[in-house]
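Accompanying notes for the structure given below.
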2 protein chains.
Amino acid sequence: MTSTEGPAQPAGRTRDAARTRAEILAVATREFARLGYAGARVDEIAARTRTTKRMIYYYFGGKEQLFTAVLERAYSRIREAEQLLDVEHLDPVAAVRRLAELTFDHHEAHPDFIRLVSIENIHEAEHIAASAELSRISSPAINVLTRILDTGRESGLFTADVDAVDLHAMISSFCFFRIANRHTFGALFGRDLVAAGQREHYRTMLGDMIIAYLTADRAA
Amino acid sequence: MTSTEGPAQPAGRTRDAARTRAEILAVATREFARLGYAGARVDEIAARTRTTKRMIYYYFGGKEQLFTAVLERAYSRIREAEQLLDVEHLDPVAAVRRLAELTFDHHEAHPDFIRLVSIENIHEAEHIAASAELSRISSPAINVLTRILDTGRESGLFTADVDAVDLHAMISSFCFFRIANRHTFGALFGRDLVAAGQREHYRTMLGDMIIAYLTADRAA
DNA sequence: CCGTTAATGTACGGACTGGTTAGTTAGTCA
DNA sequence: TGACTAACTAACCAGTCCGTACATTAACGG
């Protein structure tokens, strides 16, 4: 609630388009993630900002476009993280495990992102479809996975009949479910999938599952 | 829009509490699943019913309780389906695969249920927590899984260190993700996880993954 | 130091929304 | 058959919500 950035104007407002825009985006991300698209209130987003509702319409045009901008930023962040992937020096088994673990960690570290994705799916991805930026680019992780799979298959280690996209779905489902559905799962089965003490258990479980699948003896 | 049930009053309304209640519940399920809790409109639900908004408040008390009732019915249905599980005569491997496939089929057949669960998770399962009916009972599938796992482990077939709840999470994640996230996944990776032609591919993939995990050679 | 414009704030409109009030009608049972 | 109650309807209300018209001010180039 107190001023948190550098030069700290006493109470006066500096004009800083970039900062205002960024602050709106940050607050909107929290609110949309917390309450869903329809549940989030433009007035409330504005109130939690150091600026006014007028600025939301000035910079973004409307609620819908604001939500799209929130999605764009959220996805661009995960893409940035994926670009830092550096696993191709590992052997295929270790590389896949490492990649799965990074996905696991990223999902755990960004629950708001998970919620936004859930929400966007309720809306049948209409905002993604309408966004040139989002519908264009794909995930760097897919390319990395493709190369690892090729190497693994060449060496005869991997026997499974999957491509990178399917494998990515497989890895993501577990990571996503664990975060997205923790509440209903916890309420119904009395088990907290995100309990700190269980973290390593589930992280290992994910890796074991993926590796077991990829390397299973299909003759059986 | 025309009368769909038996005796078909010309235009006059019969008094039938059970039918009215059931119709409200059915319409509400569709609307909540389609638009989310906040996005659904009580007026709209009423309009799609042969009765009025007042009846929603008469029978359910309010929007919140109506949503809870919708969840209760949705969950009771899946429990009913699970009670029909009859896989314990199979050997453990076949039994687990069959169970996974039934989960797969059920998720695919009830996308509205998946959406409701997603929505309830956005609300951090507050309605489930508030519902005595829902927070009490657990899934029959867990008991079945427990017995299969025991048998499989006794015979030395299963080597994995999981209990029924974790395995259930593992199976559900894939089934759930495939339906719940098909829109964003399709938009971003250009692959329709629910395409009819891919159904067998993913169904097999799920079974292979679960069996590979359970039976993997842990020495490796 | 003044004109211009990007950036910001205020106040409000108009449609909508969940919930309610007041009243009506169909069925039932004494 | 007439009192009684459950089932039902229409109209409305108070508050909310997205969006905008209009006024204002900081910053910057000349």
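Every value quoted in this text rests on a predicted model; they were computed, and no experiment measured them. Protein chains get the first letters and strands the later ones, always in sequence-line order, with residue 1 at the start of each.
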For DNA chain C, find the residues of residues 56-72 of chain B with a heavy-atom distance under 4.0 Å and give them by number; none if there aren't any.
Y57(B), G62(B), K63(B)
What residues from residues 25-45 of chain B pass a heavy-atom cutoff of under 4.0 Å to DNA chain C?
A40(B), R41(B), V42(B), D43(B)
Just jot down the ring-ring contact (aromatic ring centres under 6.0 Å, His included) partners of H183(A), sequence neighbours excluded, or say none.
none
Output all residues satisfying ring-ring contact (aromatic ring centres under 6.0 Å, His included) with H107(B), sequence neighbours left out; order by chain, then residue number.
none
Nearest to the side chain of [X], which nucleotide is it out of [options]?
X	options	value
A17(A)	dC8(D), dG9(C), dA7(C)	dA7(C)
M55(A)	dC8(D), dG9(C), dA10(D)	dG9(C)
K53(A)	dA7(D), dC18(D), dA7(C)	dC18(D)

Sequence neighbours excluded, every pair satisfying salt bridge (charged side-chain N to carboxylate O under 4.0 Å, His left out) that has a member inside residues 51-62 of chain A
D43(A)-K53(A)
For [X] and [N], give me the distance from atom [atom1] to atom [atom2], rounded to whole Å.
X	N	atom1	atom2	value
R54(A)	dA21(D)	CZ	P	9 Å
I24(A)	dG9(C)	CD1	C1'	13 Å
E23(B)	dC8(D)	CD	C1'	13 Å

Run the salt bridge (charged side-chain N to carboxylate O under 4.0 Å, His left out) test against R182(B) and tell me which residues pass, sequence neighbours left out.
none
Partners meeting side-chain contact (heavy atoms from CB on, under 4.5 Å) with H106(A) (sequence neighbours left out):
I78(A), A81(A), H110(A)
Looking at residues at least two apart in the chain, or sitting in another chain, which of them share a side-chain contact (heavy atoms from CB on, under 4.5 Å) with Q65(B)?
none
Can we say D105(B) and R199(B) salt-bridge, meaning some charged N sits less than 4.0 Å from an Asp/Glu carboxylate O?
yes
For E82(B), is there an ion pair with R79(B) - N to carboxylate O distance below 4.0 angstrom?
no
So, OP1 or OP2 of dA7(D): does either fall under 4.0 Å of a side-chain N or O from T20(B)?
no
Under 4.0 Å, counting only non-hydrogen atoms across every strand here, what does T51(B) touch: a base, just sugar-phosphate, or nothing?
sugar-phosphate
So which pairs with a foot in residues 140-150 of chain A pass side-chain hydrogen bond (donor to acceptor under 3.5 Å, both in side chains), sequence neighbours left out?
E88(A)-R147(A)
